[in-house]
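To keep things clear, I will list the structure first and then write my remarks on it.
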2 protein chains.
Amino acid sequence: MTRHVENDTTAAPPQPAPPAGRMCADDRRRQIAEVAMRLFSERGFRGTTTKEIAQAAGVSEAIIFRHFATKEELYTAIIDYKGCGGEAASPVAGRPEQPPFIDELRGLVADAMEAADDLAVFRTVAQHMLEHHEEDTEFLRLLMYIALEKHSLGQVFWDKNVRVLYEFLGGYVRRRQREGAFRDVDPYAAVRVFLGSVIHHSLVNLLWDRDPARRIFRVTNEEAARQFADVLLRGIAAKDAVGAGATKRPARNREGGADVKNNRDKNKKR
Amino acid sequence: MTRHVENDTTAAPPQPAPPAGRMCADDRRRQIAEVAMRLFSERGFRGTTTKEIAQAAGVSEAIIFRHFATKEELYTAIIDYKGCGGEAASPVAGRPEQPPFIDELRGLVADAMEAADDLAVFRTVAQHMLEHHEEDTEFLRLLMYIALEKHSLGQVFWDKNVRVLYEFLGGYVRRRQREGAFRDVDPYAAVRVFLGSVIHHSLVNLLWDRDPARRIFRVTNEEAARQFADVLLRGIAAKDAVGAGATKRPARNREGGADVKNNRDKNKKR
DNA sequence: AACATGTAAGTAAGTACTTACTTTTAGAGC
DNA sequence: GCTCTAAAAGTAAGTACTTACTTACATGTT
């Protein structure tokens, strides 16, 4: 297997074709998928031509069709790889699919949940999501195209990721209601308010209020996460539990806080 | 009129062409714009062909280009007409542009704002927005395409509609903070939580959780509006003002309530 | 007759995808 | 080391079809 130094292919749309040498099939397949992902996320499925993809990848059009039978298959492989995995249709060969985002989250907030540190739970989730969106803006854009174009894997993504996140957080809210910490609101209403804030925030910053200098609500991810969690928790807190923090262990919120920190560091690495 | 059997190409979506007779230019222009809007919102700018538009409008392709110089001009005219108005470029001839959504809202909540009936203010805004989104799903979809495709009028829409809505609600929050009714949070954080809930709710129902039977958070617009407003208001209420309703006039919420009612009736008509 | 509304049949430049062919490279046998 | 070779990686130049947009001409109403 000839492992090849990947030439830096991240620039303006049509790109002057880098001096790509020969690659082994797996590398080339992955490179095409990455380049295509960038273009698809920028201009949508229909707006991206196979010729453009070939140019951007520095190869001829024919080799795209050597690696992917159709443009649609290339598209689907990318989506599939990025967490809509339908198990079948191995995406970027060999690669065992990304670690599911939801599992990362579960791990991050497990301690805080056990400790019933509500603020840490929601802050951590919010911040982790915001950072994930910022790290992978391409995929966020792609997701919107997928939804608009009604690609069949859109439904899979929803069910495998967002729906389970709703159930995960909704379950926590329900538990805390049983424990008397939260008042009696529809748990999914609470989750919608929370995820609505977070996702809307990312989407606005990505799609509408793009210029950071002109932004109407200009905050760091950390600050935004704190505010969203704070408003939500006060909004659903039981009357007797006034503070926004945990009712049971107001001082010991180190676990949740540490998780947020870890997450921050992890952010730097990419 | 020689009706011709069009060779079967595109199949289902483009519609079997209605028996449109002769029209005066203005009517035709408007009809084309409406049909095109439907198709653009469904498949995006690049995904919609002028041939499809012509078929769906029941005319030949050439007359589209008699009324609109280019496909892009047709697209822009539609967007412009739907509230991104840049004054110039008369959209659908003669027609004086839709009444700005934000002004409708201002009128609807004016009384409730004066009465400082917070719940009525936010409930009315939420419900009116949710209903507007439901009535005009085509435009919501189109907006997402506009944002993704980075159409220049997207910025105009943001500034003329969403931005002013943020400022409008943010201003109200600030005022209520001064009055001691709301605690000291960033007003735009509060608005983001609120509009995030509302817009995310519409977007989810439109794009992701489309099947009403499977929906994860299944409520009427009225109920959703109530819940979002409720969580937000408790979330930002000052400590001493415990209840979610107005601090000053807890009983007299008739004004805001009446507005919500009127709005509801309007919903039924579609 | 005049003029606006309409059309059938183009055109040139794409579009996804193929074909027929050349180059590179791993690795066996010497 | 060296050649030889089979398979894989690559390409140039197509194919059949679609695209936005045009042209030359027809029809209906005043």
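Computed over heavy atoms, backbone and side chain alike; hydrogens, waters and symmetry mates excluded.
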#### Entry: Member of A:Phe139, A:Phe45, A:Tyr145 meeting the ring pair (Phe, Tyr, Trp, His ring centres under 6.0 Å) criterion with A:Phe40
A:Phe45
Enumerate, atom names and distances included, each donor-acceptor pair closer than 3.5 Å involving a side-chain atom of residues 193-201 of chain A, sequence neighbours excluded.
unit_1: A:Ser197; atom_1: OG; unit_2: A:Val193; atom_2: O; d: 2.6
unit_1: A:His200; atom_1: NE2; unit_2: B:Tyr166; atom_2: OH; d: 3.2
unit_1: A:His201; atom_1: ND1; unit_2: B:Arg192; atom_2: NH1; d: 2.9
unit_1: A:His201; atom_1: NE2; unit_2: A:Asn205; atom_2: ND2; d: 3.3

### Task
Rounded to the nearest angstrom, tell me the gap between atom CD in A:Glu52 and atom P in C:dC17.
15 Å
### Query
Would you call A:Arg214-B:Asp159 a salt bridge at under 4.0 Å N-O?
yes
### Length of the line joining A:Leu39:CG and C:dT15:P, which is rounded to integer Å
13 Å
### Query
Over how many whole Å does the gap from B:Ile63 atom CD1 to C:dA8 atom P extend?
12 Å
### Query
Are OP1 or OP2 of C:dT5 and a side-chain N or O of B:Arg66 less than 4.0 angstrom apart?
no
### Message
Please check: side-chain N/O of A:Arg29 versus main-chain N/O of A:His67, any donor-acceptor pairing under 3.5 Å?
### Response
yes
### salt_bridge(A:Arg46, A:Glu149) N-O dist < 4.0 Å
no
#### Entry: Among D:dT19, C:dA16, D:dT23, the nucleotide that comes nearest once only the side chain of B:Ala62 is considered
D:dT23
### Query
Parallel, tilted or perpendicular: which describes the rings of B:Tyr75 and B:His151, with under 30° parallel and over 60° perpendicular?
perpendicular
### Task
For B:Glu61 and D:dT18, give me the distance from atom CD to atom P, rounded to whole Å.
12 Å
#### Entry: Axial bend angle, the helix from C:dA1-D:dT30 to C:dC30-D:dG1: five-pair end segments, nearest 10°
10°
## Note on the structure
Comparing A:Glu72 with B:His67, nearest DNA chain C nucleotide closer to 5' gives the residue B:His67
### Message
Looking only at the side chain of B:Thr49 (C-beta and beyond, no hydrogens), which of the listed nucleotides D:dT22, C:dA16, D:dT19 gets closest?
### Response
D:dT19
### Message
Does A:Ser60 reach a base, just sugar-phosphate, or nothing at all? Heavy atoms under 4.0 Å.
### Response
base
#### Entry: A:Arg28 side chain, from C-beta outward: closest of C:dC17, D:dG10, D:dC21
D:dG10
### Message
Nearest whole Å is fine: how far is D:dC21 C1' from B:Phe65 CZ?
### Response
5 Å
